[in-house]
Structures are given as structure tokens and as C-alpha cells.
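What follows is a set of notes on a single structure, which appears directly below.
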Amino acid sequence: MTNRCRIAPSPTGPLHIGTARTALYNYLFARRTGGTFILRLEDTDAARSSLEHERDILEGLHWLGLTWDEGPEVAGLPARGPFGPYRQMQRLPLYREAADRLLSQDRAYPCYCTPDELAADRHAQEQAHQPPHYVGRCATLSMDQRRQREAEGRKPAVRFRVGEGIVAFDDLIRGHVEIDTTALGGDLVIVRSDGTPLYHFTVVVDDAEMRITHVIRGEDHLSNTPKHILLFRALGADIPTFAHLPLILNADRTKMSKRKSQTAIEDYRNEGFVKEAIVNYLALLGWSPGTEEEIFGLDELAQRFDLERVHSAGAVFDRGRLEWLNGQWMRRLPDEELIERSMPFLFRSLDERAAAGGAIRTPTEADLHALLPMIRERLPLLSSIGDLIDFLFVDDVRVDAALLVPKRWDARTTTDAVADARRVIAEAGAVSFEADELEVALRQLAEERGWKAGDLFMAIRVAVTGRTATPPLFDTLVALGQERTLERLDRAAETLRSGVA
RNA sequence: GCCCCCAUCGUCUAGAGGCCUAGGACGCCACCCUUUCAAGGUGGAGAUCAGGGGUUCGAAUCCCCUUGGGGGCACCA
């Protein structure tokens, strides 16, 4: 039998880091074992679910490369797989039928308790220092009593009889786990009074229906697993193998939340993280290959992944490590790929400059191609590209007079240096305006004047770019072109003059 | 409160009884390279393996207890 596993996101928010990690592990498990990876949308929380989030989640998973073998219709493409529909709100009749079956076997019963009654129960339990649980008011209602309540116009919810005993299972990551059903909080509601099913019920009905063999999910579901097992049994279904993944944690070691951490994959993407780095990072957050390598692409992960090597302890999300991996991956990207991915970020920063009132020129792919060797090693994020080279495309580079004077120099020396540099650069051949040539000439100038070359270069750097940290100077000058370099040196000279006066 | 899970450098982790005076990576510090910033290289600081009991000739590794942390306990998913 081939393995079948699934990711079952709920479209109640944008794609979450934790969901992405769970999806990845499911995907890797399926790929590694030649199994089937299924996507199912758990959208029964009508109040919080939205189509926008659904799109974000699907798009995000797709972006990461986590393609599913079976799943709902997407972007005009039809649903795939023999167990559809893969959207729970379209599977309502299935849950209804399953609930009816449990009802008819008296494994579930109608519950007429009102929200107020339940709240009062909970309150009383709290006062008595008891764990919250359903008191069973409706568990033993006679047919007459039920009819009477129906006559009052009360709409019943459906409750599943939990029963007594110990539920045990062997978790692939945690080992043997036993939980007494008395700790489950009493009979649980599986269908709301409005007829819509609840999570614990739909997840089991669907996992059974879709022949899921391996349930790989977050540890936050571990305590709920006995409920699921009980439901599988009641429905006469095979019980899947469970694997509960360690949680991803905030810095304070609580379950990662958007309150305390950046949790939306979308946000990382917009910041300029590359999908390879995210996948690589997430894979290593809770799983280890057992070797000392740590740069892995999706396909390589799919060859090596093994649930047995997944940790059991929670893992703090470490953005610094992600950033390091991002650098690693960006440096490995082929030229074309890096250009294509960073262009939108460059345009974005240039647009911002333009919006601030500066004239800009539009970079071309050829520009980027020429610039690539000098920026590749300097890019922590795709979005950093603007800081690195935007001055090449912005016409009115504003230079801070204070910044213009190198640390060891005074204004007078700087003024001289800018003037001399202008002369030397102007003398360089316009036809062969080359980095090597410029370097020789400028080093010679520094020597003649008794300046440290580094100081001279810094003065020129700031004069021409407005920044103290830039790609290598001579390449930068060449990229800028002789004419614009001279213009900027002239402007810097003016700034110095007015700044000194 | 009750139940369940977890516990190796700040962080991610290696470690399945002797190979561990605990290895790697991120971060940090120093040095090298160097026109700045990066990248890269070398080296360093950093964990009495939460604590205490056992088991064993021998324990980070097995067992128990304690402590600490986390998660779950909805007509949320």
C-alpha cells in the first residue's frame, strides 16, 4: 500500500511558517517513500475563513515548490484526485451522513444545551478547580425529552460519546502514548446546532475517506489524537499512523505566534528571502540529516528525509540563521535566476526614490548582468539590491557634506582630493574607461600627494555614491560612466565649498 | 486545575552505553585577505549534557524522581 499523507490548512489567515513546515515534512515524506501528498482545505470555520487567505496559502505552497498530487481546483485548473472534493465546505453531505450513522448507532446524541448553560458549567468547574468538561446533561435524554426540546424549537448540536478507557497509540516521533479518556473533556460536539461540522470530526471523516495512512502534524494536536482515534473506531475506519512534529517557537519558547514573531511566509518573501532558503531552513528546524552538511535543495531533501530523524523538542525560530542560509542560496543561484528575482526589488526601491522626487533611469537586464559580479557577494536579501546599486540609476544623488570628509582628513584635504581625482579621472580615456586603469592612476595620485589610498578612495566613493559602503569603487565608477562620475565629483566639490563656508 | 509532550553551547543541532577531556552550523570576538562593505579563510570564547538518585566495569546516552518549559482541555482550526 502506498503512503498517503496530507496538509490540511485552514484559510483563516495567510500561510503560516508552521503550516509551511508541516506541509514540507508531509511533502518530503510522500516524495521520499513514493507516497501521495494531498492538499485539503479545512474551511468549515465560515466566520474566519476567506478566499483571499485560501489563495495566499495555495500560492505560498506552490511558490515553495510543495506541489500536491491530489487537491482542490486551483486557478482554473480542475480538482485532482479520486477522493474529492478537497474543500470541506463542499463535503458537507459526507459529514452529515457520518454523523447520522453515529447517531443511529447511539455513538452520538443530540445535545440541546444552550451556550449559556455550557458557559455556566464551565464557570462552575473553574470555581471548583476542575478541568473543563461537558457534564453530560443531554447524554441520557429519553426520546420524549428530546421531542419536548425539539418542540421548544431548540436546535441540537451532535455530541460524540467518548466513553471510558485508555486510548493508546504509537507516535512515530514520540513513541508510545497513552491517554485516559476521562482527560478528554467529556463528550465532544461534532456538529454545531446550525448543522456545520467541527474540526475534530471533519478531520477524521476526511482522513478516513481519503485513505490517509500517515497523519504528520504539529505537536499541538497530540492531546487531541485520542479523540480522533475514538472517532476512527466509531466510524469503522482504519487508524492512520501518527507523527507529531515539534512546535516552532517564539524567542520566549512559546508556540510561535504572529503576536510575537513574523509568521507569514508572504512577509518573508516580500522581504527578499528566497524560497530555497526557506525550505532549507524549515527542513533543518526539527530534522537533521545526521551529517554535517546543511545546504539542501528540495529534491535532495526529498531523497534524504526521514521521520525517524525528526526531533521531539520544540525549536526556536532563528531569523539570523535563515538570513545566513538566504545568502548561501542567493550566491548559488544562476545569473539569470538571480537577476529575474532581484529585478522587482530593485524597481521597488527605485520607485520609492522616484516617489521621493528623484529622477531615475530604468535598469535593464543587461545592466544587472554587468553589475552581478560585484553585488552577488553583498546581498543578504533580494531586497538589499537597492541599497547596493540604486545610486547608479538615481540622478540627483544627495551627498552629506559631513560624510564627504574621510575620518582622518579635514575639509581642505578633501576638497583638494576631489579636485585632483576629477582631473585624473577626466584624463582617463573615455573610450577605455576601465577599472584597472583608474585604479593605477588614482593610486599614483595618492602616492604623489602623500595620501593613504584608502582615504582618497573613500572620498571619491562618498562623492560619487553618497554612501560609505558600496561595491568595489573602480567597478562602480565604470558602471556609472565617466561623464556621470565627473558630474558627481563636481557636485561634491560644490557641496564642500558651501559646507566649509 | 487536569492530561500529554519535552529537556546537549545564546540559537539550530550531532550524539542510539565506552570513539565525548561532547562534534558541526548560526551568532559573537580576534586575525588574515582588502579601497569601503560584504564574501571567504584561520583561530577563539561559549554546554560541569536541567538537578538528584539508580542500573552498569563504564552513562549525554537506559530507568525513576524532582525542577523547569511547552502544548492540549471550545457549538476555533
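Within every chain, numbering begins at 1; the chains are lettered A, B, ... in the order of the sequence lines, protein sequences first and strands thereafter.
Using a 4.0 Å cut-off between charged nitrogen and carboxylate oxygen, A/Glu448 and A/Arg423 do not count as a salt-bridge pair.
Residue A/His221 places no side-chain N or O under 4.0 Å from the OP1 or OP2 atom of B/C5. Regarding contacts with the backbone of B/C76, a side-chain N or O of A/Arg192 is found under 4.0 angstrom from either OP1 or OP2.
A/Ser50 and A/Glu52 share no donor-acceptor pair across their side chains, judged by distance under 3.5 Å alone. Side chains of A/Thr202 and A/Asp206: a donor-acceptor N/O pair is absent below 3.5 angstrom, by distance only. A donor and an acceptor atom, one from each side chain of A/Thr413 and A/Asp416, are nowhere located under 3.5 Å apart. Side-chain atoms of A/Thr114 and A/Asp116 form no donor-acceptor pair, as typed in the model, at a separation below 3.5 Å. Residues A/Tyr199 and A/Asn224 have side chains that never bring a donor and an acceptor to within less than 3.5 angstrom of each other.
A gap of 15 Å separates the C1' atoms of B/A22 and B/G17, to the nearest Å. Across B/G43 and B/G52, the matching C1' atoms stand 39 Å from one another, rounded to whole Å. Comparing the P positions of B/C29 and B/A45 gives an interatomic distance of 16 Å, to the nearest angstrom. Rounded to whole Å, the separation between the P atoms of B/A7 and B/A30 comes to 36 Å. On the P atoms, B/A60 is 24 Å away from B/G44, given to the nearest whole Å. Going from the C1' atom of B/G46 to that of B/G23 covers 14 Å, rounded to whole Å.
Put simply, the side chain of A/Ser193 and the base of B/C75 share a donor and an acceptor less than 3.5 Å apart.
Closest to the A/Arg378 side chain, of the nucleotides B/A77, B/C73, B/A38, is B/A38. Nearest to the side-chain atoms of A/Pro132 among the listed nucleotides B/G40, B/C4, B/C73 stands B/C73.
When Watson-Crick and G-U wobble pairs are counted only if both distances are under 3.5 Å, B/A59 pairs with no nucleotide at all.
A heavy atom closer than 4.0 Å to some atom of RNA chain B occurs in A/Phe457, A/Met458, A/Arg461, these being the qualifying members of residues 457-466 of chain A.
Within 4.0 Å of A/His244, counting heavy atoms only, lies no atom of the nucleic acid at all. Nucleic acid contact for A/Thr470: base, since at least one base atom lies under 4.0 Å from a heavy atom of the residue.
Taking the six-membered ring where tryptophan is involved, the planes of A/Trp287 and A/Phe296 are perpendicular, since the angle between them exceeds 60° and thus also 30°.
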